[in-house]
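The structure appears right after this line, and notes come after that.
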Amino acid sequence: MSIESVSSNKCFGGWHKRYAHESDLLNCKMQFAVYLPPVVSEGKSVPVVYWLSGLTCTDENFMQKAGAQRIAAELGVALVAPDTSPRGEGVADDENGAYDLGLGAGFYVNATEEPWARHYQMYDYIVSELPSLIEQYFPVTGQRAISGHSMGGHGALTIGLKNPGRYSSISAFSPISNPVNCPWGQKAFGAYLGDDKDAWQEHDASVLMARGGKIPVLVDQGESDNFLTDQLMPQALQQAAQSSGYPLDLRMQPGYDHSYFFIATFIEEHLRFHAEHF
Ligand SMILES: N[C@@H](CCC(=O)N[C@@H](CSC=O)C(=O)NCC(=O)O)C(=O)O
């Protein structure tokens, strides 16, 4: 596997870089962004926080809007932001161009249904292909944490909970907490995974958390989020944690909405949380 440099910008003494590569799993060309803190220039290897973005995003939203680089530079942590779906000509999209299915809406699952299955293998891309590339080409220690927002919060929670040996901590902003019971999740899982509801359960953070576990999880949720009641359902995650005794720290944040202004407010606390657990 090879990677091709797209851009490079110095930032807080470190480097924000974008790369393109041919993905064997997704059968298309992908882009990702990486922030390398200043200590990398001194020859040190660093742990990685993987960030999964939400609906409509690319690798750029988080890197441009969250303001995470300053604290990552201080902590000596790399940030990696992948795209949210396969891309390019020939990659299936929603026939009406909807924002919540197809391009920009891969939901971090491996599609089994047509016309999605050939390209929409985002679960395996995040769990295996992308970390393999990162660990081949960048000075990283192999320590990993995972975080994300909304659809990406769902991805961070489900991927982290399903792979306890791969991540030392998990965090999420405004995650889709119970996708089997909300319109975004039902639409995407129905399309990508078909009618087999048992398969859906394996990608639902509340179902997985009810089974127990011990990787530390931090979730922030804005109380003024437009999607709170109909789509995000953090109460399901809280109930699941209570039933299994899971160490979930769910913080309801008064006045905050679903935007990157909310993420920018609390990203420092999330990165410090991950740094404590590496
Ligand atoms: N009007 C919005 C609708 C989609 C949206 O809110 N996207 C969020 C994630 S929602 C759940 O996954 C987002 O992160 N948008 C990008 C951004 O930079 O804010 C829209 O069209 O963006």
Side-chain angles (χ1 to χ4, degrees), residues 16 18 31-33 35 49-69 79-87 93-94 96-109 111 116 120 122-123 125-126 146-160 170-193 200 203-206 218-237 250 252-253 255-267 270:
H16 171 262
R18 301 181 73 213
Q31 293 198 352
F32 65 85
Y35 176 72
V49 176
Y50 287 87
W51 173 268
L52 306 185
S53 289
L55 294 165
T56 73
C57 292
T58 67
D59 64 285
E60 295 188 287
N61 300 65
F62 174 72
M63 292 296 193
Q64 293 181 358
K65 293 184 170 182
Q69 292 90 346
L79 306 171
V80 172
D83 205 342
T84 54
S85 75
R87 299 282 178 179
D93 192 10
D94 179 75
N96 300 312
Y99 75 95
D100 55 0
L101 186 69
L103 299 177
F107 268 84
Y108 306 105
V109 299
W116 312 104
Y120 285 76
M122 288 299 289
Y123 177 87
Y125 179 71
I126 300 298
I146 191 161
S147 184
H149 171 229
S150 196
M151 174 183 73
H154 139 77
L157 288 168
T158 53
I159 287 172
I170 305 167
S171 78
F173 292 82
S174 345
I176 304 172
S177 293
N178 191 200
V180 302
N181 286 319
C182 81
W184 276 342
Q186 289 168 340
K187 179 176 177 178
F189 287 5
Y192 297 143
L193 304 175
W200 294 22
H203 295 281
D204 185 291
S206 297
L218 171 64
V219 173
D220 274 317
Q221 172 63 59
E223 286 184 354
S224 297
D225 186 324
N226 286 344
F227 299 118
L228 176 60
T229 311
D230 295 345
Q231 302 282 11
L232 306 177
M233 303 178 177
Q235 72 281 0
L237 199 63
L250 170 62
M252 298 301 295
Q253 303 287 6
Y256 288 93
D257 63 18
H258 199 65
S259 71
Y260 267 86
F261 293 107
F262 172 49
I263 297 169
T265 304
F266 293 102
I267 192 67
H270 283 235

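Residues take their numbers from the sequence shown, with the count starting at 1. We count ligands from 1, going down the list as the structure has it; atoms in each ligand are counted the same way.
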Separation of H258 NE2 from I263 CD1 (nearest 0.5 Å): 7.5 Å
Gap separating the CZ atom of F32 from the CD1 atom of I126, nearest 0.5 angstrom: 11.0 Å
ring-ring contact (aromatic ring centres under 6.0 Å, His included) partners for Y256, two or more places apart: F262, F266
Set of ring-ring contact (aromatic ring centres under 6.0 Å, His included) partners for Y120, sequence neighbours left out: W116, Y192
Set of salt bridge (Lys or Arg N to Asp or Glu O under 4.0 Å) partners for D204, sequence neighbours left out: none
Under 4.0 Å from ligand 1, counting heavy atoms only: the protein residues, by chain and number: G54, L55, T56, C57, N61, K65, Y99, H149, S150, M151, W184, F227, H258, Y260
Ring centers of H203, F107 separated by less than 6.0 Å: no
